[in-house]
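Report on the following structure.
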Amino acid sequence: MKTTWLRWSVMTFGVAVLGGPALAQNGYIGDDTCKICHQDLYDSYMQSGHPWMLVPTNRQQPAADLYPHGVPLPELPQGVTWDQVDYIFGNFSSGHGYVVGTNAEGTQGIVLNRGFPYNFCVRCHTTGYDPTGGPTNGITGSWVQNGIRCEGCHGPGEQHATSFGGNPPDLNEARAVCANCHYAGTDVERIDFTPPEPDQEGFGSFGHHPQAEQLLRSPHKNGDCSWCHDPHKSTFFPEEGGVIKHCTDCHDAKQHPLPPAMAHVDCVECHMTEGGGHRHIHLFQIMTQPIAAADNVYVDETDQKTYWNVDANGNAFLTLDLVCLTCHNGQEAFAMTLEEAAAEAQGIHVPTVLTVDIKVNGQDDFLLVQQDQQVSVDASVAPGASQNVPATWWILASTNFGWFYWDPIFDGWLPGLYPSLVDFGVFEVQDYNLYNDTLPPGTYSFWLAVFANDGAMDVDVVPVYVLP
Ligand code: HEC
Ligand code: HEC
Ligand code: HEC
Ligand code: HEC
Ligand code: HEC
Ligand code: HEC
Ligand code: HEC
Ligand code: HEC
């Protein structure tokens with residue numbers, strides 16, 4: 001996987017210099033052809049942003065219902081009329097897109113909302129961009145299709161299509177392709193971050209679409225974008241189901257409880273905060289020191305630019321002003337200082353009350369297993385405020401042939417309905433294995449209960465049915 005990332009960065013660098021070596025070749029056939037055999041994928045992809053990134057107008061006002069999801073056409077800048085406009089872009093998610101066309105001085109290929117040429121932008125907003133072709137409508141280079149079409153990620157599909165689905169485009173390369181466009185600044189090795197000017201409001205900026213460089217510095221660096229995203233479905237419009245894996249599909253929600261007053265806050269709202277006007281930041285890890293975003297930077301000697309701090313292991317962390325203070329500002333929730341946030345953030349997921357957790361094959365709920373299937377039972381205990389308080393521990397299994405209790409001295413199961421430990425101080429237990437074997441057919445349930453002498457208690461049970 002490391003090598004994948006290496007290739008990402010190499011490709012990114014290559015593209016920055018050459019303008020897209022992989023895409024500059026021939027053999028493109030266009031997504032209308034892909035559609036013939038991949039209709040379902042095509043339909044969902046047309047509801048997502050990529051193909052809509054650059055839409056030609058033919059210098060006429062497009063139909064009002066051009067965009068999916070009821071998104072309206074953009075409003076034209078003051079004094080601009082549709083007969084000056086060649087393209088709309090960036091409109092898909094917001095209806096606030098920009099337009100490219102001929103300005104008042106008669107120069108074509110200008111972003112009319114801003115007045116600068118579109119040249120630099122076009123490579124990431126098209127398919128099969130070739131900087132040596134063109135110019136096209138006043139824009140440097142030529143391209144095969146407007147927007148990011150099937151072959152914008154999969155590469156030319158001619159061979160594949162003409163061999164009736166043989167020679168499929170290389171998906172490994174397709175993954176690497178995300179990083180070609182979804183990075184900010186100069187490369188994916190460093191995270192660009194510009195602190196605010198001394199007289200400016202706000203937190204500072206990661207720049208545009210820095211997802212790849214952030215992911216590379218996150219605990220998910222060994223994964224790739226399609227761990228969590230289906231690139232053929234929209235993420236901006238959640239009902240399209242573009243996010244295919246949520247935090248709690250891979251991380252146990254029960255092991256990450258929050259103070260009860262904040263139980264309604266979703267993992268993403270803290271760990272991928274949009275704080276400070278950013279999009280969802282893909283760093284995932286949160287620091288617990290009182291360091292402001294503007295101070296979490298270093299200046300690179302070689303280019304004198306500011307970059308986000310990275311620790312000795314290559315990991316970058318979200319600062320607490322981006323996370324807690326965006327809600328704890330006296331409006332959405334009571335105001336906090338950075339120091340207060342740091343004190344509260346430390347150990348925020350450590351339960352304050354005694355909690356027990358028993359898992360069978362990693363599951364919390366009722367489980368059906370085959371007779372020859374391994375059954376693994378693990379116990380966890382988080383003491384909360386009851387650390388070392390004497391307690392009665394019950395570790396039990398009910399079976400078709402009676403009750404069993406787990407005996408700590410025997411380190412195994414004995415018949416009978418007895419407590420496992422009496423007047424024994426509560427201590428932290430993490431995934432202690434209690435059983436790992438097959439079971440005869442029948443109905444079972446595994447119990448873990450701790451009753452502390454200070455009144456704190458918790459019970460957990462997992463029923464298991466072993467098929468005959
Ligand atoms: C003539 C029909 C046809 C056309 C046209 C076609 N494909 Fe395919 N494609 C197939 C078939 C058949 C498969 C194999 C499906 C399977 O085994 O699940 C396939 C598989 C794929 C795969 C998956 C390969 C893998 O390793 O799983 C990708 C990616 C793909 N096509 C992309 C495209 C793209 C991009 C286009 C347009 C440039 C396109 N296809 C056009 C028929 C076609
Ligand atoms: C390195 C590739 C790259 C370049 C160069 C690039 N963009 Fe983008 N652009 C992207 C990506 C990736 C996204 C979508 C990701 C996101 O919105 O987080 C995007 C999205 C946009 C959006 C839509 C934002 C929205 O709110 O929906 C606009 C507008 C835009 N770009 C304008 C430009 C302009 C203008 C330029 C040239 C000055 C430019 N881009 C250059 C990659 C690029
Ligand atoms: C934004 C980049 C991107 C675009 C645009 C895109 N794909 Fe894909 N596609 C991928 C990636 C990445 C995978 C591998 C996903 C995975 O590993 O789970 C993939 C997988 C596939 C597969 C095989 C697995 C599956 O989901 O069935 C097919 C077939 C395919 N794409 C066809 C297409 C077609 C046809 C289009 C245009 C309608 C298209 N793709 C547009 C990136 C893209
Ligand atoms: C561990 C899961 C995960 C991984 C890996 C991941 N993302 Fe995301 N991404 C998300 C989630 C969750 C959202 C926010 C969805 C929401 O709630 O709107 C998101 C949002 C986005 C958005 C929409 C803009 C925004 O910020 O809301 C873009 C673009 C994006 N991701 C691109 C990428 C790219 C490119 C990669 C690979 C470099 C990647 N993501 C890797 C989970 C992930
Ligand atoms: C050629 C450049 C390019 C490539 C390659 C590319 N993207 Fe994008 N991506 C964009 C642009 C530009 C947008 C903005 C679309 C918009 O705002 O309408 C975007 C938007 C997105 C979005 C939000 C779209 C939505 O409808 O929710 C996600 C998620 C995303 N990209 C993920 C990926 C992933 C994953 C890959 C790799 C498989 C990838 N992108 C490859 C340029 C690219
Ligand atoms: C596809 C599975 C997957 C998804 C989805 C996923 N993660 Fe992870 N996550 C992992 C893996 C694997 C690790 C690395 C575990 C390790 O290093 O031991 C990890 C590590 C982490 C870490 C660092 C762990 C630590 O102990 O410090 C954090 C924090 C984290 N993820 C948060 C999240 C959040 C928040 C989300 C949702 C936005 C999420 N993850 C989505 C698989 C996933
Ligand atoms: C999405 C918004 C949001 C974010 C982000 C957020 N909080 Fe909260 N938090 C709340 C709300 C709402 C309450 C309820 C208190 C109120 O109504 O003012 C709350 C309450 C709390 C409480 C009081 C708990 C109690 O039992 O009374 C603490 C402590 C707290 N937050 C700490 C944090 C810390 C530390 C962070 C950052 C790691 C954080 N919060 C991030 C919205 C948020
Ligand atoms: C109110 C903000 C907030 C919310 C919501 C939140 N977290 Fe956290 N999370 C934190 C903070 C702060 C830390 C760092 C705590 C520390 O280092 O002591 C953290 C640490 C983590 C870690 C790494 C350390 C560990 O305990 O393993 C993981 C994994 C994690 N959170 C997962 C999740 C998941 C999954 C969710 C949703 C079920 C979630 N978090 C919801 C603030 C939050």
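Atoms within each ligand, like the ligands themselves, are counted from 1 in listed order. Computed from heavy atoms alone, side chains included, the values below leave out hydrogens, waters and symmetry copies. Just so it is clear, the model here is predicted, and its values are computed rather than measured.
When distances from atom 26 (O) of ligand 6 to the protein are checked, no heavy atom turns up under 4.0 Å. Remark: atom 18 (O) of ligand 6 lies closer than 4.0 Å to no protein heavy atom.
A 4.5 Å side-chain heavy-atom check between Ser376 and Asn433 finds at least one atom pair inside the cut-off. Taking the side chain as every heavy atom from C-beta outward, Val100 and Phe89 approach each other to under 4.5 Å.
The shortest separation from a heavy atom of Ala212 to ligand 4 is under 4.0 Å, placing the residue in contact.
Partner Lys359 forms a side-chain hydrogen bond (donor to acceptor under 3.5 Å, both in side chains) with one of Asp252, Asp431, Asp378 and no other, that one being Asp252.
Considering backbone and side-chain N/O atoms, Asp224 never comes within less than 3.5 Å of an N/O atom of ligand 4. Taking any N or O of His154, backbone or side chain, none lies under 3.5 Å from an N or O belonging to ligand 1.
Of all atoms in ligand 4, listed by their number and element, those nearer than 4.0 Å to a heavy atom of Cys228 are 1 (C), 2 (C), 3 (C), 4 (C), 5 (C), 42 (C), 43 (C). Residue Phe236 approaches ligand 4 through these ligand atoms, each under 4.0 Å from one of its heavy atoms: 23 (C), 24 (C).
Ring centroids of His220 and Phe284 are separated by less than 6.0 Å, placing the two rings close together.
Looking only at protein N/O/S atoms, the ones less than 2.8 Å from atom 8 (Fe) of ligand 6 make 2 in total.
Residue Asp31 does not touch ligand 1, judged by heavy-atom distances below 4.0 Å. Looking at Glu158 against ligand 1, nothing comes within 4.0 Å, counting heavy atoms.
Between the choices Glu213, Arg279, Gln211, the shortest heavy-atom distance to atom 32 (C) of ligand 4 belongs to Gln211. Proximity annotation for atom 34 (C) of ligand 4: of Cys225, Cys181, Pro231, Cys225 comes nearest, heavy atoms only.
Taking backbone and side-chain atoms together, His160 has an N/O/S atom less than 2.8 Å away from atom 8 (Fe) of ligand 1. Inclusion of Cys34 in the first shell of atom 8 (Fe) of ligand 1 is not supported: no N, O or S atom falls under 2.8 Å.
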